[in-house]
Peer 1: 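Below: one structure in structure tokens.
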Amino acid sequence: MSSLESKVAMVTGGGQGLGEAICRSLARAGATVVSADVREERARAVADAIRAEGGQASAVRLDVASEEQATEAIRRIVAERGRLDVLVNNAGVDLTVSVEDLSVADWGRILGVNLSGPFIMSKHAMKEMRSQGGGHIVNIVSTAAKRAWPNAAAYHASKWGLLGLSHALHAEARPHGVKVTAVVAGGMRTPFLLDRFPDLDPGVLQDPANVAETVRFVLTQPDETVIPEVMVIPMRETSWP
Ligand code: ADP
């Protein structure tokens, strides 16, 4: 298994929850990590904590739905670090609301962050990776891309879309030596679920560190190994499949 030594990895939504766990895991594997989050102070806190433990990390303020901010963030990383080897599209938002009450504005916002964001980020990262001779894009999908529950229509549409986008990127990028992997993750003990569903039994959820380890595993496979899609779900995710 290769390490991530000398690799530069950008993690969107890297300010808390799974994104933070991925930043920490990749830094432990030797990567230079850039935590990118719309909440800059959180991204900065994650980067500071990694550096305090001896890792290499920096932070950038980024709204993944803004092409202007995305291109500027990638340009800066390449200018400062010389390359971009890994992009983890992890930033995501949700809203618990029925279809009938879901406003077109909220629909657009959720699709904008969860689906257009990874498209924008991947489009520009792929150009960079292709010109430097390789790279790896990991898209954090959810089991919301495989089935559906009530009051999350925009989230489901975005994640089913992201799974499709991920396979489309894989098909286009592979001939150019760029790998693309969809990590389909089941419910995790992160603020994303815990803040919105206080009655949820944390015992049915998995530790985000385990999903982060899956991301690290995917990123440290030999060059000839491609993993287009991998699923990691908690043992007690009862409503699966
Ligand atoms: P998860 O379970 O995926 O970790 P969280 O809600 O805990 O979910 O974390 C999602 C992260 O994504 C948060 O740090 C949040 O600030 C970030 N985020 C949300 N929207 C955007 C965006 N448009 N661009 C970048 N980061 C975002």
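Counting starts at 1 for both ligands and their atoms, following the listed order. Note that this is a predicted model, so its numbers are computed, not measured.
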Peer 1: Please identify which atoms of ligand 1 are closer than 4.0 Å to at least one heavy atom of D63.
Peer 2: 22 (C), 23 (N), 24 (N)
Peer 1: Where the side chain of E128 meets the backbone of L84, is there a donor-acceptor pair that is under 3.5 Å apart?
Peer 2: no
Peer 1: With a 4.0 Å heavy-atom cut-off (strictly under), which part of L62 contacts ligand 1: side chain, backbone, both or neither?
Peer 2: backbone
Peer 1: Applying a 4.0 Å heavy-atom criterion (strictly less than), which segment of V113 is in contact with ligand 1: side chain, backbone, both, or neither?
Peer 2: side chain
Peer 1: Do D201 and R236 pass the side chain to side chain contact (heavy atoms under 4.5 Å, CB included) test, and can you show the C-alpha distance, the side-chain angles, and the key distance before you say yes or no?
Peer 2: CA-CA 11 Å; D201 171 9; R236 288 174 61 196; 3.4 Å; yes
Peer 1: What residue and heavy atom of the protein are closest to atom 8 (O) of ligand 1, and at what distance?
Peer 2: F192 CB, 3.1 Å
Peer 1: List ligand 1 atoms under 4.0 Å from V93, heavy atoms only on the residue side.
Peer 2: 19 (C), 20 (N)
Peer 1: Could you tell me if T32 and R81 have a donor-acceptor pair between their side chains, going purely by distance under 3.5 Å?
Peer 2: no
Peer 1: Could you check atom 21 (C) of ligand 1 against the protein and tell me its nearest heavy-atom contact, residue, atom and distance included?
Peer 2: V38 CG1, 3.8 Å
Peer 1: Aromatic rings F192 and Y155: how do their planes relate, parallel, tilted or perpendicular, breaks at 30° and 60°?
Peer 2: tilted
Peer 1: Counting heavy atoms only, which of S35, A91, G117 is nearest atom 27 (C) of ligand 1?
Peer 2: A91
Peer 1: For a quick test of reading the model, state the closest non-hydrogen atom pair linking P202 to R189 and the distance between them.
Peer 2: O-NH1, 3.0 Å
Peer 1: Quick check: does V64 get an N/O under 3.5 Å from an N/O on ligand 1?
Peer 2: yes
Peer 1: Can you report which non-hydrogen protein atom sits closest to atom 16 (O) of ligand 1, along with the distance?
Peer 2: D37 OD1, 2.6 Å
Peer 1: Spell out, as yes or no, whether a donor-acceptor pair under 3.5 Å connects the side chain of Q132 to the backbone of G134.
Peer 2: yes
Peer 1: Any non-hydrogen side-chain atom of L219 less than 4.5 Å from a side-chain atom of D85?
Peer 2: no
Peer 1: Which atoms of ligand 1 are found less than 4.0 Å from any heavy atom of G17?
Peer 2: 4 (O), 7 (O)
Peer 1: Counting non-hydrogen protein atoms only, what is the nearest one to atom 10 (C) of ligand 1? Give residue, atom name and distance.
Peer 2: G92 O, 4.0 Å
Peer 1: Please write down residue, atom name and distance for the protein heavy atom closest to atom 12 (O) of ligand 1.
Peer 2: G13 CA, 3.4 Å
Peer 1: Any donor and acceptor pair, going by atom type alone, linking the side chain of S35 with main-chain N or O of G14 inside 3.5 Å?
Peer 2: yes
Peer 1: Less than 4.0 Å between a side-chain N and a carboxylate O, is that true for K179 and D223?
Peer 2: no
Peer 1: Nearest protein heavy atom to atom 3 (O) of ligand 1, by residue and atom, and its distance?
Peer 2: N90 OD1, 4.1 Å
Peer 1: Would you say the side-chain atoms of T12 and D37 include a donor-acceptor pair closer than 3.5 Å?
Peer 2: no
Peer 1: State if R39 counts as touching ligand 1 under the rule of any non-hydrogen atom under 4.0 Å.
Peer 2: yes
Peer 1: Does L18, backbone or side chain, put an N or O under 3.5 Å from an N or O of ligand 1?
Peer 2: yes
Peer 1: Based purely on interatomic distance, does T190 place a nitrogen or oxygen under 3.5 Å from a nitrogen or oxygen of ligand 1?
Peer 2: yes
Peer 1: Are any of the heavy atoms in Q16 under 4.0 Å away from ligand 1?
Peer 2: yes
